[in-house]
Each structure stands twice: as structure tokens, then as C-alpha cells.
There are 2 protein chains.
Amino acid sequence: MTLHQVPGRLVTIADVAREAQVGESTVSRVLRGQGSYSKRAGERVLEAAARLGYVPNRLAGSLAGNADSVGSQLVGVVIPSLTNIVFPDLLRGLTGDLDTTGFQSVIGVSDYDPAREETLVESLLSWRPSALVLTGLEHTALTVTRLRAAGIRIVEMIDTDGPGLDIVVGFSNRAVGHASARHLIERGYRRIGYVGHDLSQDLRAAKRFAGFEAALREAGLSLHSQELVFDRSSAAVGRAALEALMARAPDTDAVYFSNDDMALGGYFGCLGRGWAVPGRVALFGCHALDITAAMPQPLSTMRTPRLEIGRAAARSLADGAPAGTIDLGFELCQGATA
Amino acid sequence: MTLHQVPGRLVTIADVAREAQVGESTVSRVLRGQGSYSKRAGERVLEAAARLGYVPNRLAGSLAGNADSVGSQLVGVVIPSLTNIVFPDLLRGLTGDLDTTGFQSVIGVSDYDPAREETLVESLLSWRPSALVLTGLEHTALTVTRLRAAGIRIVEMIDTDGPGLDIVVGFSNRAVGHASARHLIERGYRRIGYVGHDLSQDLRAAKRFAGFEAALREAGLSLHSQELVFDRSSAAVGRAALEALMARAPDTDAVYFSNDDMALGGYFGCLGRGWAVPGRVALFGCHALDITAAMPQPLSTMRTPRLEIGRAAARSLADGAPAGTIDLGFELCQGATA
DNA sequence: ATATAAATTGGCAGCGCTGCCAAAACATCA
DNA sequence: TGATGTTTTGGCAGCGCTGCCAATTTATAT
């Protein structure tokens, strides 16, 4: 068997029409189950299509069908990363619910770079998707202009702290940060540190941090120590950062991590050094990764509804939801590390 | 500002042509930087396109351009899951290298279900992608027929244990299993157990298991105990399974997990019960997730080149590699748990 | 200045499909 | 039986773009 063996054209609707001895329009109607046609025509067409191995060409279909009727059945998705498990979870919810509605997702990964997002949006738009799903509320001016001009539905996921372009689905990162700080304060911690990755990149983490600091201030406290890392978030990085932080400010009694994977790394660091958690230092993460629930001491963290956000995004598009914000909230996971 | 405000048509190439006072073909040539055109024409077109906010319509472009020249610039991707971090890693390598070549990925998640894969392939094919990237070598007969008839490049990722349709990129799962068993045997373990998720679903895991058992047999051993789980692989599931296995066969001295996340869960279980690892029981995983390297005792596991597989898949398509298998191998991570 | 080669350009068919419309086939009623 | 309404059907334009080709402009050689 040879690849590329197909010499010329693939089977078209005209071939099926000839084979079934009906007109092209009839084939089109039967195959889409739209409009009226006789039972006999239906059978012949289906039979002929199967025999010929007809595969519809959706490029042609979307081009011909006026955008308003079906749209391209493509949905563009831009996420900042695939490394951070948060985003695959989002995707999972999104694609899972999207393809039950017959949509296909075209995805792009921006690497937390607004310029890259701009390029991706431009590129995705050229497929005339019926909707675009983005992450976060911050986009370049040009991206916003293009999005507006496209005249399609836009969903911005994850962050509800600010105005969106159309549909916004997520939770308040600020509130997550705030609630995390409140929890630590209520548990009696006072010399609280922060370990996070580059805040100028991950704007959601920055908002959590802002909420966190605000809660400290409201309680008459301030951040006791902090360690920022400029790598992509990972357990190894979290571990190193915690160790650096504790070396500089050994009396820190609790640490807030911008992400569970770093918190997990921090926890491993404590285990390795024989530090009691939370005796020596308390640890608090964010996102409630599955793994952290299986730990001997479950990590204290905040559950964010990632899968649900993806699902809600898909559903809002399918249902033609009105513009507006859908806040899915978050939930404290008490855990045993803070 | 209203969404859907665009009343009628979007800007087309004809609009740009009129604005720039050149012919449509010239616009097309300039915008694609193909063929020859004067400097002056180039400037006018670019300027007009920018002023009008022209967004090319790739549906039309791909339809018009004969498949052989550019193809649709879409690549269809089918992965079994987004939960298992293995697949986002694959995607990351793939999309990262793909969009530097101007390709966009349309993805589908099959949930380890061949029938679902069949549907997804059918659906993806209708976008006339220039290539399809699948996971694994096993597909339904109809899928294979369709793939062959499509006349496009096919990449099958991850598994090299068998014949592929066109390009195969991955490693030998059988060999991974075999090498894992060899390692345990060489380290002196004799009463070896297995914890894995449903082997009828995850065919790669099944092949690893087969290689593992073969190595045991060759050494005159047999599997001492095993515990299969039918949930999706996770740390919690791994922990529970290990505990169940140790309850049934307390003298098991080493356990092979089909996946690192389960191994990690198992490790947590041991920590929780105060069992020495590897004193009480040794643990060996698969895939070398990032996290496991940050553990106080790094997990003993097998590093599989997931990112590289995605990259190699993208590259082989971009370069028009010949049909064949690219084996990227794997690497033992000695770790400290086995 | 003229002939010839090279670069640039626009027109138009056609990619495969769907929407529209008028024609044909069938059903219903007086 | 003919008239009227209803369902089914096929033809054809056109979605926005690119490939091809012939026409035009420009550069080079004689």
C-alpha cells in the first residue's frame, strides 16, 4: 500500500449525486438531514455515499453556507500553557462539551505572551471560527480590535476580575488570594511569605497575590518574605524557592504558593529537611491538583473549578448565552499543611 | 459596543484590491509573498489591507489552492486523554513546533475509545487537514480505511511496537516494561507486584505490562501480585491500589506502576503508613513526571521522551520525512525508591 | 532607436459546497 | 376529470480565494 496513492480528486458531492442518480442539492439535503426529500432518495444517497467513501469537505461547506447559518463549526482556543495542569483541565472541559455539539477546537498556545496571543488570534480568525475562547481578560489593543471586528462570540476564561469583551467564565483570582490570606491569618500565622512565579507574565497569579496582600494589610500585617521565580512553575522550582526563602527569612511561619505544583515541591523540601509542616512552616497552595489530595498530609489549598469553567464556556456558546460574567467560585480545601 | 455588530460581509480580497487600486491576484500575491510584484504594489496592498483590517479567509484559500500546494494548513490531532499529563506534553511539543511552520492543530480527545477515535477521524478529515496525528497503532478497520483513502500524511505517536500506517514516532513500550523489570530484578527484588489501570483501554500500558512479565519469565520469576484499577489513573487511585495490593500480598517487595501519578500515590501511601521505601516495599513508576524529581526520595522511573515525540512528529511532517519509525528511546531514572 | 527578454499585472475559471428558485412529481379535493 | 395545494427535485449562482494565462509594462541588448 502506498501513501499519497490517491491520484486526483477525492470523492465530491457531484460523484455521489451521479452514483445515486439524484441532483447535488438532494445529496446535500440528505447528508445534512435538512430540507425535505423522499425516503427513496435518502436511501440511495446514503448508500452511494457509503459505497464511494464520501467525506464531506467542510471547508467548502463553511464557505458556501452563510456564516450565520452554521458558522464554520470551528472554535478557536488560546491558552497560555500546557505545562500548568490548569490549562489541560480547562481544555478537557471545553472540548468534551464542545464536540457533543459538533464543534471542533483549533488550539493555540501563547506561552503567556500577549504578542503571541495577538498572532494566534489573527491566525485563528482566518479560519472563520464561530467563536473564540481565550484565557484571561488582558489582551493587546490590536487583539481587542480584531476580536471586535470579527463579529463572533468571545469567551474569556478563568478570570472574572474585570470587564470582558463578551462572555466571561471563571472565578475571582483576587478573591482567591484574599481568602487564602484570611485562612492563614485565622489559623494564627503572622509571618507570612510568598513564593510565586513571574507575576508580570501570569496575570492571574498577580491578581491572587494582590488579593492576598490586601487581606494582610486589612489585618494590619504585611508580607514577611517573598521569593519570585522566573522559570515555569514546577515542583523543583517551588522546592528551591522555598528553601531560598527560608534561608533568608527563617522565621517565616507560613508560605503562600502561587500554584500547587510549587507548593508540592516546597512540601517535599520540608520533608527532605525534616521540617514539620505546619509546625516549622505552614504551606498553602492554589488550584487543588488531584495529587495533593493523596498526600499523607493533604495540601491546604484552594479548589478552583477548572473543568467546570471549560464546560460552562462550551455550554454558553452552544446555548447562545447573553454577554456577561459567569462566576463559578472556588472552595477552600482545608488540608493539613496550613 | 455591541457584539455581532458587523452587519454584512467581512472585508474580502476584492475590497483590498479596489482600495489599493490593483487586481485581486496582485493582492493575493503580495499577501502571500509569492510570485512577483513591484515594490509599489506591495506597499499599496499592505497599506490598504491594514487600513481595512483585512483578515484572509483560509477556508476559501485552502479550498482554492489545490491540496498539493499548501494543503489546508490544518493538522488534525487525536489524543486519548488530557488527564494523563503524558498527552499534554505530547501536544506541547507538537503544537510548539507546528505553529512555527504555520500550521494550526485541530484536536480531538478520544477517551481511549476506538469508536470515538473513529468518529473524530471522520470529523477531522472533513476539514481536509494536510496531516493527521494519532496516538498509538491500534485503530478500527474503518478508521484505517478512511486514513488510507484520505491520501494525507499520518503520524502515530508514542508506540513503536508494531507496524504503522505512515510515520511512527515514539518508543517501545514493551521495551520500557522489559527494562523496568530488569532493573527491579537486578536490584534484587523477587516478589514483584503490579499496579495498573485498565489494560484493555490503555494499550500502551498493556504493552509495557507484557514486556514486564516477559522479563520476569526470562528470569524464572512470575508476577507475585497485582491490582488493576478501572478508574482513570491518578495519585489517589494509585495509593488505594497499593494499599489493597499490600493487604492481599504483604510480602510483595517491589511494585511496578503503570504510571508515575499512581506510583506517587503509592509512595504517599507508604509515607502515611510509615513504611520504608524501598525497605518495606520498592516502588517503580513510568514516565518520569517532573514532580517526581523534586521528591525527597526521587521516584525510580523511566523517562519517556514525550516532548521530543511531539516535536519529532511536527518536524517529520514539516520536512516531509519518509514513512517509517522514529524510535526516540527512553531512559532509566535511578531515583531512590527502587 | 528598435528588437527581444524579463518582470509585473489583471481577468477569469473553478475549488466543493449550500441557498435560492422554479420545475416536476405527487396528493387532495371538488 | 381537472384544478389546486404540497412535497420533492435539480440547476445554477456564488461564498473568497488561488492558479493559470495572456496582456501589459519595464529592462536590456543591439
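- For C/dG19, the OP1/OP2 oxygens have a side-chain nitrogen or oxygen of A/Arg32 closer than 4.0 Å.
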Heteroatom pairs (N/O) under 3.5 angstrom, protein to nucleotides 5-12 of chain D:
from	atom 1	to	atom 2	distance (Å)
D/dT8	OP2	A/Ser36	OG	3.3
D/dT9	OP1	A/Ser38	OG	2.6
D/dT9	OP2	A/Ser38	N	2.7
D/dT9	OP2	A/Ser38	OG	3.4
D/dG10	OP1	A/Gly23	N	3.2
D/dG10	OP2	A/Gly23	N	2.5
D/dG10	OP2	A/Thr26	OG1	2.6
D/dG10	O5'	A/Gly23	N	3.4
D/dG10	N7	A/Ser25	OG	3.4
D/dG10	N7	A/Arg29	NH2	3.2
D/dG10	O6	A/Arg29	NH1	3.3
D/dG11	N7	A/Ser25	OG	3.2
D/dG11	O6	A/Ser25	OG	2.6

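- With sequence neighbours excluded, the residues forming a side chain to side chain contact (heavy atoms under 4.5 Å, CB included) with A/Thr119 are A/Arg116, listed by chain and number.
- Atom CG in B/Asp15 sits roughly 9 Å away from atom P in D/dG16 (whole-Å rounding).
- Under the side chain to side chain contact (heavy atoms under 4.5 Å, CB included) criterion, B/Ala20 pairs with B/Val22, B/Arg44, B/Val45, B/Ala48, sequence neighbours left out.
- Between B/Leu63 atom CG and D/dG19 atom C1' the separation is 13 Å, expressed in whole Å.
- A straight line from CD1 of A/Ile13 to C1' of C/dC15 spans 14 Å, rounded to a whole angstrom.
- In this structure, B/Gln34 places its CD atom 16 Å from P of C/dT9, rounding to the nearest Å.
- Partners of A/Asp89 by salt bridge (charged side-chain N to carboxylate O under 4.0 Å, His left out), not counting sequence neighbours, listed by chain and number: A/Arg92, A/Arg306.
- The CZ atom of A/Arg128 sits 17 Å away from the C1' atom of C/dC17 (whole-angstrom rounding).
- Atom CG of A/Asn57 and atom P of C/dC17 are 6 Å apart (whole Å).
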Show me, pair by pair, the donor-acceptor contacts under 3.5 angstrom made by side chains of residues 309-316 of chain B, not counting sequence neighbours?
from	atom 1	to	atom 2	distance (Å)
B/Ser316	OG	B/Ala312	O	3.3
B/Ser316	OG	B/Ala313	O	2.8

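- Rounded to an integer number of Å, the gap from B/Leu31 CG to D/dG16 C1' is 13 Å.
- Not counting sequence neighbours, the partners of A/Glu19 by the salt bridge (charged side-chain N to carboxylate O under 4.0 Å, His left out) test are A/Arg51.
- What separates OH of B/Tyr54 from P of D/dG16 is a distance of 10 Å, to the nearest Å.
- Of the residues B/Leu147, B/Leu120, B/Leu74, the one that meets the side chain to side chain contact (heavy atoms under 4.5 Å, CB included) test with B/Leu132 is B/Leu147.
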